[in-house]
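Counting starts at 1 for both ligands and their atoms, in listed order.
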Amino acid sequence: MSLIILDRDGVINHDSDDFIKSPAEWEPIEDSLEAIARLNHAGYRVVVITNQSGIARGLLDVDTLTRIHSKMRRMLAQVGGKIESILYCPHGPDDECDCRKPKEGAFSELASRLRIDLTNIPAVGDSLRDLQAAKTAGAKPILVRTGKGERTLAQGVPEDVAIYDDLASVVDSLLGTAL
Ligand SMILES: [Mg+2]
Ligand SMILES: [Zn+2]
């Protein structure tokens with residue numbers, strides 16, 4: 001059984017600088033849900049680690065986040081995919097928590113929950129802090145150009161970071177189905 005860690009906004013769904021605050025605002029990136037389903041069928045466990053500071057900022061509450069995630073899971077199920085768990089950080093930048101990326105607290109939490117070593121586990125994100133958290137946790141950071149990805153790329157990313165157009169391309173590569 002393999003594992004993959006995904007950021008949510010900008011990787012699975014379209015991101016917004018105004019935050020995703022309602023189920024209606026959560027819209028999947030083309031082929032991302034199908035890509036997750038392909039991972040599942042290839043034996044991958046899929047976990048999401050996401051910063052949701054909109055909660056600390058008072059833009060949405062936990063109940064709304066739960067409803068957003070229900071929509072994501074429902075739409076994913078319709079194409080035959082499944083996310084095993086979602087670890088979210090509800091804190092803001094000034095809260096000094098351990099779970100907000102670029103900190104790797106959520107990655108450590110996942111590792112101990114699953115009793116798994118994250119070495120070389122692919123971790124896909126669109127922001128520098130996703131890559132930093134992955135790297136600190138010993139996982140393999142992968143950048144996608146969707147979401148804030150192009151912006152991140154323009155600001156410069158470490159040389160050892162793999163770069164792909166989108167999640168579907170990452171999955172093509174992982175599963176050896178790239179053209
Ligand atoms: Mg993101
Ligand atoms: Zn946190």
Side-chain angles (χ1 to χ4, degrees), residues 4-23 25-33 35-36 39 46-66 68-69 71-73 75-76 81 83 85-113 118 121-137 139-158 161-171:
I4 185 168
I5 299 167
L6 306 179
D7 176 43
R8 195 196 79 182
D9 300 326
V11 173
I12 303 174
N13 57 281
H14 292 289
D15 200 3
S16 164
D17 285 334
D18 297 326
F19 297 86
I20 304 299
K21 304 177 293 301
S22 67
E25 290 175 349
W26 192 92
E27 289 293 342
I29 291 170
E30 193 180 346
D31 285 340
S32 68
L33 299 180
I36 293 172
L39 286 168
V46 178
V47 173
V48 170
I49 295 181
T50 173
N51 285 357
Q52 292 299 324
S53 68
I55 292 176
R57 297 173 207 266
L59 299 172
L60 75 167
D61 57 22
V62 171
D63 179 61
T64 304
L65 184 67
T66 302
I68 291 170
H69 289 164
K71 177 180 180 179
M72 175 167 74
R73 289 181 184 283
M75 288 185 73
L76 180 55
I83 289 168
S85 50
I86 302 170
L87 284 77
Y88 66 89
C89 166
H91 307 112
D94 302 325
D95 288 342
E96 294 184 13
C97 67
D98 280 332
C99 48
R100 179 173 162 81
K101 296 179 273 188
K103 299 267 187 67
E104 46 75 63
F107 286 73
S108 314
E109 164 72 19
L110 177 70
S112 67
R113 259 198 225 177
L118 297 183
I121 297 293
V124 185
D126 66 322
S127 297
L128 185 59
R129 61 190 177 201
D130 300 318
L131 309 174
Q132 290 166 332
K135 198 164 182 173
T136 305
K140 178 179 153 45
I142 297 174
L143 178 71
V144 286
R145 294 173 183 269
T146 48
K148 297 188 171 77
E150 288 291 356
R151 219 187 288 175
T152 302
L153 202 50
Q155 288 163 355
V157 300
V161 172
I163 301 161
Y164 292 92
D165 284 347
D166 54 17
L167 182 58
S169 307
V170 173
V171 173

Notebook entry, point to check: Between the main-chain N or O of Arg129 and the side-chain N or O of Ser127, is there a donor-acceptor pair closer than 3.5 Å?
Noted result: no
Check: Of all N, O or S atoms in Asp7, which has the smallest distance to the Mg ion (ligand 1)?
Finding: OD2
Next item on the list: Examine distances only and state if a side-chain atom of Lys135 and a backbone atom of Val161 form a donor-acceptor pair shorter than 3.5 Å.
Entry: no
Notebook entry, point to check: Between Asp126 and Lys148, is there a side-chain N and carboxylate O pair less than 4.0 Å apart?
Noted result: no
Next item on the list: Look at Asp15 together with Arg151 and state whether they make a salt bridge at an N to O cut-off of under 4.0 Å.
Entry: no
Next item on the list: Verify the distance test for Asp126 against the Mg ion (ligand 1): any N/O/S atom under 2.8 Å, yes or no.
Entry: yes
Item checked: Side chains of Ser169 and Asp166, donor plus acceptor under 3.5 Å -> yes
Notebook entry, point to check: In Asp9, what N, O or S atom is nearest to the Mg ion (ligand 1), if we give its atom name?
Noted result: O
Checklist line | Test applied, side-chain contact (heavy atoms from CB on, under 4.5 Å); reference residue, Val124; option that passes from Val11, Ile5, Asp7 | finding: Val11
Item checked: Under-2.8 Å protein N/O/S neighbours of the Zn ion (ligand 2), ordered by chain then residue number -> Cys89 SG, His91 ND1, Cys97 SG, Cys99 SG
Item checked: Step-by-step side-chain hydrogen bond (donor to acceptor under 3.5 Å, both in side chains) determination, Asn13 to Glu25 -> CA-CA 9 Å; Asn13 57 281; Glu25 290 175 349; over 6 Å; no
